[in-house]
Amino acid sequence: MPAGSRRPIQAPGRLESALRAAQVWPAEPPMSLPFEPQNGPVTLGALRHSVSHVMADAVLRLSPEGKVAIGPPIENGFYYDFELPRPLTEEDLPRIEEEMRKILGEAGEFTCLTLDRAAAEERVRASGQPYKEELLADIPEGEAITFYEHGTWGDLCEGPHVETAKQIPGDGFRLTSVAGAYWRGDSDRTMLQRIYGTAWWSKKDLKKYLAYLEEVQARDHRKLGRELDLFSLHPDFGAGLVFWHPKLGHVRRQLEEWWWQLHYARGYWPVYTPHVAGEPVFEQSGHLQNYAEMIWAPMDVDGRPHRVKPMNCPGHVTIFNSRRHSYRDLPKRYAELGTVYRYEPSGTLHGMLRVRGFTQDDAHIFCTPGQLEAEIVGVLELTDLILRTFGYEYTAYLATRPEKSLGDDAVWEHAMDALKAAAARIELPLADDPGGGVFYGPKIDYKIKDALGREWQGPTVQVDFNLPERFDIQFNDADNTLKRPVMVHRAIYGSMERFVGGLIEHFAGWFPVWLSPCPVSVLPITEEQEEAAAGVLAKVLAAGFHGVLKTDGPLRKRVRESEVEKIPYMVVLGGREVDEGRVNLRVHGVKEQRSMGVDEFLGFLRDKRDSKALNF
RNA sequence: GCCAGAGUAGCUCAGGGGUAGAGCACCGCUUUCGUAAAGCGGCGGUCACGGGUUCAAAUCCCGUCUCUGGCUCCA
């Protein structure tokens, strides 16, 4: 399976997408926050774009020799890139904000000025702004060339903007961070300095957004991973390699066991393939030629170079190829929780989400062209089941043929038809991702939305014409001729590391009962009830749940401890409960306590577990 | 890999040329408790690493490593 990329989709990073965003204004800017921002006289995007102009104005007032590059609006805010005589630090931001408020007080109207090319070139040259000259040169002939001006500032810009500075609330924006960014997103070009900010129609919305950012921080899987003792990283042991601690190990086991159940029920078979292979394998697959920088350095084995596997496909293909197949035996569905290693640049490593060693929930389906559609339907249905179980909303995208690609039109056509027909059969709407396919075939990619409204790259289903060709895989068809099977790659979790890292944030560390490493804490009020409490814990453990008995310190301390450890159920036992043979149940997020019999409680827990309930 | 910032106890952080600090966690004792932090005592650090300046460096300078925020990249 190719890289199962699951990463929060950040602000559009590339210049192209930034420009696209600036040119084609969606009626509603992309917004996936858990609150509805207030409306204003123009779009939020126009507001943010305007604030970015005001910021650029402020930065140049403070640093007149600075050069400006681009400053588009992005999701939830804006940025502007500069080349400045000295690097900016966070401490500069309040000073810039102050200058911006001053500008807002005097700016007045935002006006749009359309110039012909000669006049525009003249103006830009006179301003001594080389980046703007380059941008101007790239505006296609015949397109309008516009400048937006406010006060003493003017900028080559597509717009749109607010009408007047009065529409920009002085307390509705904030500069959030500074960062380096390549000019035009090209790592061979100048590193500019970027200031990110956020802007809203009101102080209230800004506050809501900042509170949202705090929530994002509080849920950061690295923070929760440390606090809840879920996982750790040890750069000296190996950068980008995850240590799963017992609690998270439990979560992973549950996910894996369920995954295997689902796959067995759908005709997949487990396979296990070596972690190391001789280099010729990856030459044959084409990965070594095309993605050498991603594959770990070779190791010498008996004088022959070997590589740690960066993907599982060649192994699965090798199994398929180890004997002749009849059309009667197809499709073959090989599944493996396959651990792979990829060299990711040091600056990109990020907790569990971007690592150098990870386990993919990989599977490859080898089928006849005629079976393709039905196989894809099976994958799409399974994907829906899995995503829904975690409470993820999703959108599926059909990624079509890219410019650089292999294979006949007819073959692509067939694969695309199969993907479309499969989606139609289960009434899965497909958004378009034109040219987004891989060079070896089209695919359906899922974007999933987590509890905070953030989008992540989700599952992917890819049709592959390349590997069957490269490994010359065949089956014997009904007409007794050898034919080429179609290969489908698919991963649903993607990688255990990314998926579980994402789950930690999605659930804010409160794993549902079926995953929870410790759903129950038993709290006797005094020593008198300890024996009874131990009895309750034994029953909880016998029912297949983890639980903990806490006896040390006052009750309220143990309640707090349980809450901090994100244990959803607290079973409190005082003299009353023991006398009545009942327990007092405190449930996370539920105000009222409940009294129930021990068996009733165990039944309740089982229901939550077996239904994979998302609430407690 | 690139730009910037940061590395002080397990965690969160203070200190800033003259013998290393706090809270939490952990250990021990006291406390026996009705739903989010009882009290006292103790353990714990080569102040990331290497070099330099200085009578003296955790502190100033240089280099390296790692982490953080972005950028590039993620078949």
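Here is the naming used below: chain letters follow the sequence lines, and residue numbers restart at 1 for every chain.
The number of heavy atoms from other shown groups lying within 6.0 Å of CD (E528(A)) does not exceed 12.
Candidate nucleotides rG34(B), rA37(B), rU32(B) were compared by shortest atom distance to the side chain of E527(A), and rU32(B) ranks first. When each of rU32(B), rA37(B), rC71(B) is scored by its nearest atom to the side-chain atoms of R194(A), the top-ranked nucleotide is rC71(B). When distances are taken from the side chain of N584(A) to each of rU72(B), rA37(B), rG34(B), the shortest belongs to rG34(B). Listed nucleotides rU32(B), rG34(B), rG70(B) differ in distance to Y196(A); the shortest reach to its side chain belongs to rG70(B).
A179(A) comes within 4.0 angstrom of a base, heavy atoms only. Across all strands, R189(A) comes closer than 4.0 Å to no nucleic acid atom at all (heavy-atom distances). R556(A) comes within 4.0 angstrom of sugar-phosphate atoms only, judged by non-hydrogen atoms across all strands, and of no base.
rG50(B) sits 12 Å from rU46(B) when the P atoms are compared, rounded to a whole Å.
Counting distance only, with no hydrogens placed and no angle test, the side-chain atoms of R498(A) and the base atoms of rC74(B) include a donor-acceptor pair under 3.5 Å. One can find a donor-acceptor pair under 3.5 Å joining the base of rG1(B) and the side-chain atoms of Y182(A). Residue R354(A) places a side-chain atom within donor-acceptor reach of the base of rC73(B), judged by atom type and a 3.5 Å distance cut-off alone.
Across residues 278-287 of chain A, H287(A) each have a non-hydrogen atom less than 4.0 Å from an atom of RNA chain B (numbered order). Contacts of residues 226-237 of chain A with RNA chain B (heavy atom under 4.0 Å): R226(A), P235(A).
In RNA chain B, the stems built from three or more successive Watson-Crick or G-U pairs (distances below 3.5 Å) are B:1-7 with B:65-71, B:10-13 with B:21-24, B:26-30 with B:38-42, B:48-52 with B:60-64.
Seen from the ring of Y392(A), K449(A) does not count as a face-on cation partner, given the 6.0 Å and 45° thresholds.
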